[in-house]
Amino acid sequence: MPEPEISEKNTPDQTGRVHFVTGGYTGVGLALCHMLYAANAKIYIAGRSEAKANKAISELRAAHPDSKGTLTFISVDLSDLRTIAPAVKSFTDQESDLHVLTNNAGVMVPPKGSVGAQGKELQLQTNCLGPFLLTELLLPTLKHTAAKSPKGTVRVTWAASLTQLFSPPGGVTFTSGPDPEPVVPDVKHVAYAMSKAANILLAAALAQRVSKDGIISLSFNPGNLDSELQRHVPMWQKLITGWWLLFPVRYGGCTELWAALGDVPEEKNGSYVAPWGQLATPRMDIVPSMRSKEDGGNGRADEFWEWCERTTAPFRDVSTSSS
(Lines give C-alpha, C1' and ligand atoms only; values in the text may rest on other atoms or scores of the structure.)
Protein backbone atom coordinates (compact mmCIF):
# COMPACT_ATOMS: atom_id res chain seq x y z
CA MET A 1 0.00 0.00 0.00
CA PRO A 2 1.21 3.56 -0.63
CA GLU A 3 2.43 5.75 2.21
CA PRO A 4 -0.33 7.64 4.07
CA GLU A 5 -1.55 10.83 2.44
CA ILE A 6 -1.70 12.55 5.86
CA SER A 7 0.78 11.64 8.58
CA GLU A 8 2.92 13.19 11.28
CA LYS A 9 4.94 14.75 8.44
CA ASN A 10 2.14 16.98 7.15
CA THR A 11 -0.71 17.12 9.69
CA PRO A 12 -2.52 20.45 9.23
CA ASP A 13 -2.17 22.85 12.15
CA GLN A 14 -4.87 22.06 14.72
CA THR A 15 -4.56 25.21 16.82
CA GLY A 16 -7.97 26.02 18.29
CA ARG A 17 -9.49 22.68 17.30
CA VAL A 18 -10.86 20.27 19.91
CA HIS A 19 -10.55 16.48 19.51
CA PHE A 20 -12.14 13.78 21.69
CA VAL A 21 -10.39 10.40 21.32
CA THR A 22 -11.66 7.31 23.13
CA GLY A 23 -8.88 4.91 24.06
CA GLY A 24 -6.35 7.59 23.18
CA TYR A 25 -3.73 6.41 25.66
CA THR A 26 -2.65 3.15 23.98
CA GLY A 27 -2.17 1.67 20.53
CA VAL A 28 -3.72 3.35 17.52
CA GLY A 29 -5.45 6.00 19.62
CA LEU A 30 -2.15 7.06 21.15
CA ALA A 31 -0.53 7.14 17.70
CA LEU A 32 -3.31 9.48 16.56
CA CYS A 33 -2.85 11.67 19.63
CA HIS A 34 0.88 12.00 18.88
CA MET A 35 0.08 13.43 15.44
CA LEU A 36 -2.69 15.72 16.65
CA TYR A 37 -0.81 17.02 19.69
CA ALA A 38 2.30 17.74 17.62
CA ALA A 39 -0.01 19.84 15.43
CA ASN A 40 -1.22 21.86 18.48
CA ALA A 41 -4.61 20.18 18.98
CA LYS A 42 -6.61 20.38 22.17
CA ILE A 43 -7.20 16.68 22.95
CA TYR A 44 -9.50 14.97 25.44
CA ILE A 45 -8.29 11.42 25.98
CA ALA A 46 -11.15 9.25 27.21
CA GLY A 47 -10.98 5.81 28.80
CA ARG A 48 -11.17 3.72 31.94
CA SER A 49 -7.61 4.01 33.23
CA GLU A 50 -6.46 7.36 34.57
CA ALA A 51 -3.03 5.85 35.30
CA LYS A 52 -2.57 4.81 31.65
CA ALA A 53 -3.85 8.19 30.50
CA ASN A 54 -1.44 10.08 32.74
CA LYS A 55 1.44 7.95 31.48
CA ALA A 56 0.43 8.66 27.87
CA ILE A 57 0.04 12.38 28.56
CA SER A 58 3.56 12.50 30.01
CA GLU A 59 4.84 10.63 26.93
CA LEU A 60 3.08 13.02 24.56
CA ARG A 61 4.37 16.13 26.34
CA ALA A 62 7.92 14.80 26.38
CA ALA A 63 7.77 13.84 22.68
CA HIS A 64 6.36 17.20 21.57
CA PRO A 65 7.71 19.89 23.93
CA ASP A 66 6.90 22.70 21.49
CA SER A 67 3.23 21.83 21.14
CA LYS A 68 0.76 24.60 21.94
CA GLY A 69 -2.00 22.04 22.39
CA THR A 70 -3.49 20.65 25.60
CA LEU A 71 -4.15 17.14 26.92
CA THR A 72 -6.95 16.26 29.33
CA PHE A 73 -8.19 12.92 30.64
CA ILE A 74 -11.91 12.09 30.65
CA SER A 75 -13.02 9.06 32.65
CA VAL A 76 -15.43 6.77 30.78
CA ASP A 77 -16.06 3.04 30.54
CA LEU A 78 -17.75 2.21 27.24
CA SER A 79 -18.81 -1.17 28.64
CA ASP A 80 -20.91 0.60 31.32
CA LEU A 81 -23.55 2.97 29.94
CA ARG A 82 -23.90 4.65 33.35
CA THR A 83 -20.48 6.27 32.94
CA ILE A 84 -21.09 7.96 29.61
CA ALA A 85 -23.38 10.86 30.51
CA PRO A 86 -21.06 11.89 33.39
CA ALA A 87 -18.12 11.84 30.96
CA VAL A 88 -20.00 14.08 28.53
CA LYS A 89 -20.91 16.46 31.35
CA SER A 90 -17.25 16.59 32.41
CA PHE A 91 -16.31 17.50 28.85
CA THR A 92 -19.05 20.08 28.26
CA ASP A 93 -18.27 21.72 31.60
CA GLN A 94 -14.86 22.48 30.10
CA GLU A 95 -15.61 22.98 26.38
CA SER A 96 -18.33 24.52 24.23
CA ASP A 97 -16.84 23.22 20.97
CA LEU A 98 -15.92 19.80 19.59
CA HIS A 99 -14.47 19.46 16.10
CA VAL A 100 -13.72 15.72 15.88
CA LEU A 101 -15.00 12.78 17.90
CA THR A 102 -12.88 9.69 17.21
CA ASN A 103 -14.63 6.55 18.45
CA ASN A 104 -11.38 4.58 18.54
CA ALA A 105 -11.66 2.40 21.66
CA GLY A 106 -12.91 -1.16 21.54
CA VAL A 107 -12.47 -4.71 22.71
CA MET A 108 -11.65 -7.78 20.62
CA VAL A 109 -12.48 -11.45 21.34
CA PRO A 110 -12.58 -11.25 25.16
CA PRO A 111 -13.03 -14.45 27.19
CA LYS A 112 -16.18 -16.39 26.32
CA GLY A 113 -19.26 -15.19 28.17
CA SER A 114 -17.97 -11.65 28.78
CA VAL A 115 -20.74 -9.07 29.10
CA GLY A 116 -20.94 -5.35 29.78
CA ALA A 117 -22.40 -3.77 32.90
CA GLN A 118 -25.89 -3.82 31.40
CA GLY A 119 -25.65 -7.50 30.42
CA LYS A 120 -25.11 -7.17 26.68
CA GLU A 121 -22.35 -9.16 24.96
CA LEU A 122 -19.16 -7.25 25.77
CA GLN A 123 -18.04 -6.52 22.21
CA LEU A 124 -21.47 -5.28 21.17
CA GLN A 125 -21.74 -3.10 24.25
CA THR A 126 -18.20 -1.68 24.21
CA ASN A 127 -17.75 -1.32 20.46
CA CYS A 128 -21.27 -0.15 19.54
CA LEU A 129 -23.63 0.82 22.35
CA GLY A 130 -21.06 2.83 24.30
CA PRO A 131 -19.82 4.84 21.30
CA PHE A 132 -23.42 5.33 20.11
CA LEU A 133 -24.51 6.88 23.41
CA LEU A 134 -21.35 8.97 23.64
CA THR A 135 -21.96 10.30 20.12
CA GLU A 136 -25.65 11.00 20.78
CA LEU A 137 -24.86 13.01 23.92
CA LEU A 138 -22.09 14.97 22.19
CA LEU A 139 -24.20 15.79 19.12
CA PRO A 140 -25.47 19.14 20.48
CA THR A 141 -21.86 20.27 20.93
CA LEU A 142 -20.85 18.95 17.50
CA LYS A 143 -23.79 20.74 15.85
CA HIS A 144 -22.98 23.97 17.68
CA THR A 145 -19.41 23.74 16.44
CA ALA A 146 -20.40 22.84 12.88
CA ALA A 147 -22.68 25.89 12.67
CA LYS A 148 -19.64 28.17 12.86
CA SER A 149 -17.04 25.98 11.12
CA PRO A 150 -16.24 25.30 7.46
CA LYS A 151 -18.58 22.62 6.14
CA GLY A 152 -17.32 19.08 6.59
CA THR A 153 -14.61 19.94 9.12
CA VAL A 154 -16.63 18.72 12.11
CA ARG A 155 -16.61 14.93 12.15
CA VAL A 156 -17.51 11.74 13.95
CA THR A 157 -15.49 8.65 13.09
CA TRP A 158 -16.24 5.04 14.05
CA ALA A 159 -13.84 2.12 14.39
CA ALA A 160 -14.64 -0.65 11.92
CA SER A 161 -12.25 -3.39 10.76
CA LEU A 162 -11.31 -5.65 7.90
CA THR A 163 -13.04 -8.34 9.98
CA GLN A 164 -16.37 -6.94 8.78
CA LEU A 165 -15.76 -9.47 5.99
CA PHE A 166 -16.67 -12.23 8.48
CA SER A 167 -19.83 -10.62 9.86
CA PRO A 168 -23.31 -12.12 9.36
CA PRO A 169 -25.24 -11.45 6.12
CA GLY A 170 -25.89 -7.72 5.74
CA GLY A 171 -23.49 -7.03 8.62
CA VAL A 172 -26.05 -7.51 11.40
CA THR A 173 -29.05 -9.83 11.70
CA PHE A 174 -32.03 -9.32 14.01
CA THR A 175 -34.61 -11.35 15.87
CA SER A 176 -38.21 -11.08 14.68
CA GLY A 177 -40.97 -9.37 16.68
CA PRO A 178 -42.03 -5.84 17.63
CA ASP A 179 -38.69 -4.95 19.30
CA PRO A 180 -36.03 -6.80 17.29
CA GLU A 181 -32.63 -7.43 18.88
CA PRO A 182 -29.30 -8.07 17.13
CA VAL A 183 -28.48 -11.77 17.01
CA VAL A 184 -25.03 -12.15 18.57
CA PRO A 185 -23.12 -15.06 16.97
CA ASP A 186 -21.94 -17.81 19.33
CA VAL A 187 -18.43 -17.63 17.86
CA LYS A 188 -16.77 -14.66 19.52
CA HIS A 189 -14.63 -13.80 16.47
CA VAL A 190 -17.79 -13.54 14.38
CA ALA A 191 -19.42 -11.49 17.16
CA TYR A 192 -16.45 -9.13 16.97
CA ALA A 193 -16.82 -8.91 13.19
CA MET A 194 -20.52 -8.09 13.64
CA SER A 195 -19.71 -5.26 16.05
CA LYS A 196 -17.32 -3.79 13.48
CA ALA A 197 -19.87 -4.11 10.66
CA ALA A 198 -22.41 -2.50 12.97
CA ASN A 199 -20.15 0.53 13.29
CA ILE A 200 -20.15 0.84 9.50
CA LEU A 201 -23.93 0.97 9.76
CA LEU A 202 -23.88 3.50 12.60
CA ALA A 203 -21.58 5.79 10.64
CA ALA A 204 -23.93 5.67 7.67
CA ALA A 205 -27.04 6.14 9.81
CA LEU A 206 -25.52 9.16 11.57
CA ALA A 207 -24.54 10.70 8.24
CA GLN A 208 -28.18 10.51 7.12
CA ARG A 209 -29.18 12.40 10.25
CA VAL A 210 -26.50 15.11 10.44
CA SER A 211 -25.39 15.84 6.88
CA LYS A 212 -27.79 18.82 6.87
CA ASP A 213 -25.83 20.19 9.83
CA GLY A 214 -22.54 20.06 7.93
CA ILE A 215 -21.14 17.15 9.97
CA ILE A 216 -19.26 14.27 8.33
CA SER A 217 -19.62 10.74 9.75
CA LEU A 218 -17.24 7.98 8.60
CA SER A 219 -16.28 4.46 9.60
CA PHE A 220 -12.65 3.38 9.26
CA ASN A 221 -10.62 0.21 9.05
CA PRO A 222 -7.34 1.23 10.72
CA GLY A 223 -5.52 -1.69 9.09
CA ASN A 224 -3.89 -4.93 10.22
CA LEU A 225 -1.95 -3.67 13.21
CA ASP A 226 0.16 -5.01 16.04
CA SER A 227 -1.77 -3.33 18.86
CA GLU A 228 -3.03 -3.90 22.40
CA LEU A 229 -6.47 -4.65 20.94
CA GLN A 230 -5.24 -8.20 20.28
CA ARG A 231 -4.28 -8.85 23.91
CA HIS A 232 -6.96 -11.58 24.25
CA VAL A 233 -6.10 -13.34 20.97
CA PRO A 234 -4.15 -16.64 21.45
CA MET A 235 -0.82 -16.87 19.65
CA TRP A 236 -1.99 -19.77 17.44
CA GLN A 237 -4.80 -17.58 16.11
CA LYS A 238 -2.41 -14.70 15.50
CA LEU A 239 -0.22 -17.03 13.46
CA ILE A 240 -3.15 -18.29 11.40
CA THR A 241 -4.38 -14.75 10.68
CA GLY A 242 -0.97 -13.46 9.60
CA TRP A 243 0.32 -11.87 12.80
CA TRP A 244 3.77 -11.52 11.23
CA LEU A 245 2.24 -9.31 8.51
CA LEU A 246 0.89 -6.74 10.97
CA PHE A 247 1.89 -3.09 10.60
CA PRO A 248 3.03 -0.71 13.37
CA VAL A 249 0.20 1.19 15.05
CA ARG A 250 1.49 4.44 13.56
CA TYR A 251 -0.15 3.42 10.27
CA GLY A 252 -3.52 2.93 11.96
CA GLY A 253 -3.12 6.38 13.47
CA CYS A 254 -2.67 7.73 9.96
CA THR A 255 -5.92 6.06 8.86
CA GLU A 256 -7.78 7.67 11.76
CA LEU A 257 -6.06 10.99 11.05
CA TRP A 258 -7.25 10.90 7.43
CA ALA A 259 -10.79 10.10 8.56
CA ALA A 260 -10.63 13.12 10.84
CA LEU A 261 -9.01 15.56 8.42
CA GLY A 262 -8.94 14.17 4.87
CA ASP A 263 -10.84 15.51 1.88
CA VAL A 264 -14.30 13.89 1.81
CA PRO A 265 -16.85 15.05 -0.79
CA GLU A 266 -20.26 15.87 0.67
CA GLU A 267 -21.89 13.05 -1.30
CA LYS A 268 -19.50 10.54 0.34
CA ASN A 269 -20.71 11.31 3.86
CA GLY A 270 -21.29 8.02 5.69
CA SER A 271 -18.56 6.18 3.80
CA TYR A 272 -16.05 3.56 4.86
CA VAL A 273 -12.34 4.48 5.01
CA ALA A 274 -9.67 1.89 4.20
CA PRO A 275 -5.95 1.97 5.16
CA TRP A 276 -4.14 4.32 5.19
CA GLY A 277 -6.80 6.87 4.36
CA GLN A 278 -8.90 6.28 1.25
CA LEU A 279 -12.61 5.95 0.60
CA ALA A 280 -13.56 2.35 -0.11
CA THR A 281 -16.48 -0.08 -0.18
CA PRO A 282 -17.13 -2.66 2.56
CA ARG A 283 -18.35 -6.16 1.78
CA MET A 284 -20.93 -5.81 -0.97
CA ASP A 285 -23.92 -7.16 0.98
CA ILE A 286 -23.27 -4.56 3.70
CA VAL A 287 -23.69 -1.69 1.22
CA PRO A 288 -27.52 -1.93 0.97
CA SER A 289 -27.62 -2.20 4.77
CA MET A 290 -26.00 1.25 4.96
CA ARG A 291 -28.88 2.88 3.08
CA SER A 292 -32.42 3.59 4.23
CA LYS A 293 -35.35 1.92 2.50
CA GLU A 294 -36.27 5.35 1.09
CA ASP A 295 -32.83 5.49 -0.54
CA GLY A 296 -33.09 2.01 -2.05
CA GLY A 297 -31.39 0.08 0.75
CA ASN A 298 -32.78 -2.46 3.19
CA GLY A 299 -32.87 -0.10 6.18
CA ARG A 300 -30.71 -2.25 8.42
CA ALA A 301 -28.59 0.72 9.56
CA ASP A 302 -31.77 2.48 10.69
CA GLU A 303 -32.90 -0.69 12.45
CA PHE A 304 -29.61 -0.97 14.33
CA TRP A 305 -29.66 2.77 15.15
CA GLU A 306 -33.18 2.44 16.56
CA TRP A 307 -32.12 -0.57 18.67
CA CYS A 308 -29.24 1.45 20.08
CA GLU A 309 -31.64 4.30 20.88
CA ARG A 310 -34.04 1.99 22.74
CA THR A 311 -31.25 0.27 24.64
CA THR A 312 -29.44 3.43 25.74
CA ALA A 313 -32.53 5.54 26.47
CA PRO A 314 -32.37 5.11 30.28
CA PHE A 315 -28.81 6.49 30.36
CA ARG A 316 -29.17 9.76 28.44
CA ASP A 317 -29.83 12.40 31.07
CA VAL A 318 -26.60 14.36 31.39
CA SER A 319 -28.00 16.81 33.93
CA THR A 320 -28.92 14.20 36.56
CA SER A 321 -26.54 11.37 35.74
CA SER A 322 -23.95 9.92 38.07
CA SER A 323 -21.49 7.08 37.74
Side-chain angles (χ1 to χ4, degrees), residues 1-12 14 19-39 41 43-47 52-53 56 59-60 63-64 78 100-109 123 126-128 131 155-166 189 192-193 195-200 202-203 216-233 237-238 241-262 264 271-280 282:
M1 288 185 286
E3 276 296 299
E5 178 184 322
I6 307 176
S7 70
E8 68 279 358
K9 299 174 184 177
N10 61 348
T11 305
Q14 297 298 294
H19 292 255
F20 192 112
V21 182
T22 64
Y25 46 63
T26 59
V28 181
L30 179 57
L32 173 66
C33 288
H34 269 286
M35 299 178 207
L36 291 173
Y37 185 60
I43 308 173
Y44 287 81
I45 299 176
K52 287 184 178 180
E59 174 187 322
L60 288 161
H64 312 289
L78 295 174
V100 181
L101 167 60
T102 301
N103 287 310
N104 161 78
V107 62
M108 179 180 183
V109 292
Q123 295 171 115
T126 305
N127 299 349
C128 302
R155 299 192 180 179
V156 179
T157 68
W158 307 77
S161 169
L162 181 64
T163 62
Q164 48 88 15
L165 295 172
F166 306 103
H189 302 87
Y192 174 74
S195 75
K196 298 286 98 176
N199 277 345
I200 296 175
L202 287 177
I216 294 286
S217 172
L218 301 168
S219 58
F220 60 82
N221 165 22
N224 296 335
L225 309 169
D226 187 10
S227 75
E228 190 181 81
L229 181 63
Q230 300 187 51
R231 62 189 177 275
H232 295 301
V233 179
Q237 291 178 354
K238 290 182 180 181
T241 55
W243 170 66
W244 63 91
L245 298 175
L246 299 181
F247 289 84
V249 292
R250 171 248 178 191
Y251 285 93
C254 292
T255 306
E256 294 189 357
L257 186 68
W258 192 94
L261 305 177
V264 179
S271 291
Y272 170 74
V273 177
W276 311 114
Q278 54 184 323
L279 296 176

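These numbers were taken from a predicted model, which means no experiment stands behind them.
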Q: Evaluate the criterion side chain to side chain contact (heavy atoms under 4.5 Å, CB included) for residue pair R155 and T102; output intermediate values, then yes/no.
A: CA-CA 8 Å; R155 299 192 180 179; T102 301; over 6 Å; no
Q: Determine, stepwise, if the pair V249 / L30 fulfils side chain to side chain contact (heavy atoms under 4.5 Å, CB included).
A: CA-CA 9 Å; V249 292; L30 179 57; over 6 Å; no
**Q.** Test log, rule side chain to side chain contact (heavy atoms under 4.5 Å, CB included), inputs Q14 and I43
**A.** CA-CA 10 Å; Q14 297 298 294; I43 308 173; over 6 Å; no
Can you list, pair by pair, the side-chain donor-acceptor contacts under 3.5 Å of residues 1-8, counting residues two or more places apart and other chains?
unit_1 : atom_1 : unit_2 : atom_2 : d
E3     : OE2    : Y251   : OH     : 3.3
S7     : OG     : K9     : N      : 3.1
E8     : OE1    : R250   : NE     : 3.3
E8     : OE2    : R250   : NE     : 3.3
E8     : OE2    : R250   : NH2    : 3.2

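Within the 4.5 Å cutoff, side-chain heavy atoms of S161 are placed close to those of Y192. Residues V28 and N104 form a side-chain contact, since some pair of their non-hydrogen atoms from C-beta on lies under 4.5 Å apart. Using a 4.5 Å heavy-atom threshold, the side chains of T255 and N221 count as separate. Put simply, the side chain of V264 reaches to within 4.5 Å of the side chain of W258, judged on heavy atoms.
Taking every heavy atom of both residues into account, W276 and G252 meet most closely at CZ3-N, 4.2 Å. When all heavy atoms of G24 and I45 are compared, the pair lying nearest together is C-CG2, 3.6 Å. Residues V273 and A259 approach most closely at CG2-CB, 4.5 Å, considering heavy atoms. For the residue pair C128 and A198, the shortest heavy atom distance occurs at SG-CB, 3.7 Å. Looking at every heavy atom in both residues, L257 comes nearest to M35 through CD2-SD, 3.7 Å. The nearest pair of heavy atoms linking A274 to A280 is CB-CB, 3.7 Å.
A donor-acceptor contact shorter than 3.5 Å is absent between the side chain of N199 and the backbone of A160. The main-chain N or O of A203 is found under 3.5 Å from a side-chain atom of S217 such that the two form a donor-acceptor pair. Put simply, the side chain of T22 never gets that close to the backbone of N103: no donor and acceptor are under 3.5 Å apart.
Taken from CD1 in I200 to OH in Y272, the straight-line distance is 5.5 Å, to the nearest 0.5 Å. Interatomic distance, Y37 OH to L60 CG, rounded to the nearest 0.5 Å: 7.5 Å. Separation of atoms CG (L36) and NE2 (H19) is listed at 4.5 Å; rounding is to 0.5 Å.
For E59, the side-chain hydrogen bond (donor to acceptor under 3.5 Å, both in side chains) test picks out H34, with sequence neighbours left out.
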